[in-house]
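For reference, the structure discussed in these notes is given below.
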Amino acid sequence: MNYWLMKSEPHEFSIDDLMRKKRHHWDGVRNYEARNIMRDRMKVGDLVIFYHSDGDPSGPAGVAKVSREAYPDFTQWKRSSKYFDPRGTKRDPLWFMVDVAFVKKFKNVIERDLLREVPALRNMPLWKRPRLSITPLAKKEFETIVKLGTK
DNA sequence: GCCAACGTTGGC
DNA sequence: GCCAACGTTGGC
């Protein structure tokens with residue numbers, strides 16, 4: 001069982017959207033490292049901190065879990081999509097996505113400034129890799145964030 | 001294979 | 001909306 005932090009801009013796709021849909025594909029990842037994490041390391045049942053980036057405020061907004069392992073991100077083939085990428089073919093897809101299912105929504109988004117001050121979260125990869133949209137979490141880090149979100 | 005230029009992310 | 005940080009592209 002692995003733990004992850006996945007960032008989404010809430011005006012694109014928020015924890016409320018996931019709550020309403022119950023389950024959704026995580027399309028639009030166009031970074032190789034994040035792609036490799038989804039393609040090679042994410043397993044059904046892995047737990048995810050759903051993080052609102054560029055939000056008001058930015059920070060963890062809830063919990064999701066991986067409900068389908070990696071498969072090709074179809075938006076790479078859609079000419080009308082902003083994620084269209086002609087380098088990805090049906091035979092040899094370049095980009096992948098997983099499906100995630102809703103688990104819970106935090107009462108409030110945990111503010112980034114608060115997260116910064118929590119000793120148990122000092123070594124989160126998120127701080128070192130601010131541009132990476134998917135980062136691993138240790139079990140303890142995941143549990144610490146969930147505790148902050150549900151108290 | 002280096003690295004400058006470019007484009008994007010995301011906090012503010 | 002700005003802009004620093006940083007990942008990616010492409011010329012050499």
Side-chain angles (χ1 to χ4, degrees), chain A residues 2-21 24-42 46-66 69-100 102-138 141-151:
Chain A
N2 306 301
Y3 301 89
W4 310 100
L5 183 146
M6 298 177 84
K7 293 192 279 195
S8 178
E9 299 190 14
H11 66 270
E12 298 274 339
F13 189 70
S14 70
I15 190 72
D16 292 304
D17 294 326
L18 185 61
M19 185 165 60
R20 193 169 55 246
K21 289 174 186 293
H24 200 61
H25 51 268
W26 201 271
D27 63 299
V29 171
R30 294 295 180 270
N31 167 284
Y32 291 109
E33 211 173 330
R35 176 203 68 180
N36 292 348
I37 288 174
M38 287 197 294
R39 190 191 57 194
D40 304 335
R41 298 170 65 192
M42 281 191 167
D46 283 2
L47 288 166
V48 174
I49 295 293
F50 193 120
Y51 181 103
H52 281 178
S53 64
D54 225 355
D56 187 22
S58 296
V63 179
K65 71 179 171 200
V66 176
E69 275 160 37
Y71 60 106
D73 179 341
F74 60 84
T75 60
Q76 71 194 295
W77 300 319
K78 273 182 74 178
R79 215 161 259 286
S80 61
S81 169
K82 70 171 176 174
Y83 298 121
F84 174 66
D85 188 341
R87 296 173 303 171
T89 62
K90 295 259 178 182
R91 180 169 303 195
D92 191 14
L94 184 57
W95 303 112
F96 291 82
M97 60 188 178
V98 297
D99 287 352
V100 299
F102 177 78
V103 175
K104 75 167 85 167
K105 179 188 172 180
F106 295 154
K107 281 201 202 86
N108 299 108
V109 172
I110 306 169
E111 300 205 25
R112 202 183 149 80
D113 285 353
L114 176 66
L115 274 198
R116 272 274 184 202
E117 290 165 11
V118 179
L121 302 178
R122 197 171 295 148
N123 296 320
M124 280 202 299
L126 175 69
W127 307 130
K128 285 204 186 103
R129 305 298 306 284
R131 303 271 308 273
L132 191 58
S133 67
I134 303 177
T135 48
L137 289 175
E141 292 164 346
F142 174 84
E143 287 167 353
T144 300
I145 294 171
V146 171
K147 202 173 288 177
L148 287 170
T150 45
K151 77 173 177 197

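Naming convention: chains lettered A, B, ... in sequence-line order (proteins, then strands); numbering from 1 in each chain.
Distances shown here put every side-chain N or O of A:Arg35 at or beyond 4.0 Å from the OP1 or OP2 atom of C:dT8. Phosphate contact (OP1/OP2 of B:dT8, side-chain N/O of A:Tyr83, threshold under 4.0 Å): absent. Side-chain nitrogen and oxygen atoms of A:Asn31 include at least one within less than 4.0 Å of the OP1 or OP2 phosphate oxygen of C:dT8. Proximity of A:Lys7 to the phosphate of B:dG10: a side-chain N or O atom is located under 4.0 Å from OP1 or OP2. The side chain of A:Ser58 places an N or O atom within less than 4.0 Å of a non-bridging phosphate oxygen (OP1 or OP2) of B:dG11. Of the side-chain N and O atoms in A:Arg129, none sit less than 4.0 angstrom from OP1 or OP2 of B:dT9. Phosphate contact (OP1/OP2 of B:dG11, side-chain N/O of A:Arg112, threshold under 4.0 Å): present.
Within 6.0 Å of the CG atom in A:Asp56, the count of heavy atoms belonging to other residues, nucleotides or ligands does not exceed 12. Environment of CD in A:Glu143: crowded, with over 12 heavy atoms of neighbouring residues, nucleotides or ligands closer than 6.0 Å.
Using the six-membered ring where Trp is involved, A:Trp26 and A:Phe13 have ring planes that are perpendicular, over 60° apart on the 30 and 60° scheme.
Rounded to an integer number of Å, the gap from CD of A:Glu33 to C1' of C:dC6 is 12 Å. For the pair A:Leu94 CG and C:dT8 P, the computed distance is 11 Å after rounding to whole Å. The distance between atom CH2 of A:Trp127 and atom P of B:dG11, rounded to the nearest whole Å, is 9 Å. Rounded to a whole Å, the CG atom of A:Asp54 is 15 Å from the P atom of C:dC2. The NZ-P distance, from A:Lys128 to C:dC6, rounds to 12 Å in whole Å. One can place CG of A:Asp56 at 16 Å from P of B:dG10, the figure rounded to the nearest angstrom. Computed from coordinates, the A:Asp85 CG to B:dG7 P distance equals 16 Å when rounded to whole Å. The CD1-P distance, from A:Ile134 to B:dG10, rounds to 11 Å in whole Å.
A:Arg122 forms no cation-pi arrangement with A:Trp127, by the criterion of a distance under 6.0 Å to the ring centre and an angle within 45° of the ring axis.
Between C:dA5, B:dG11, B:dC12, one nucleotide has an atom nearer to the side chain of A:Arg131 than all others, and that is C:dA5.
Of all heavy-atom pairs between A:Arg129 and A:Lys7, the closest is O-NZ, 4.4 Å.
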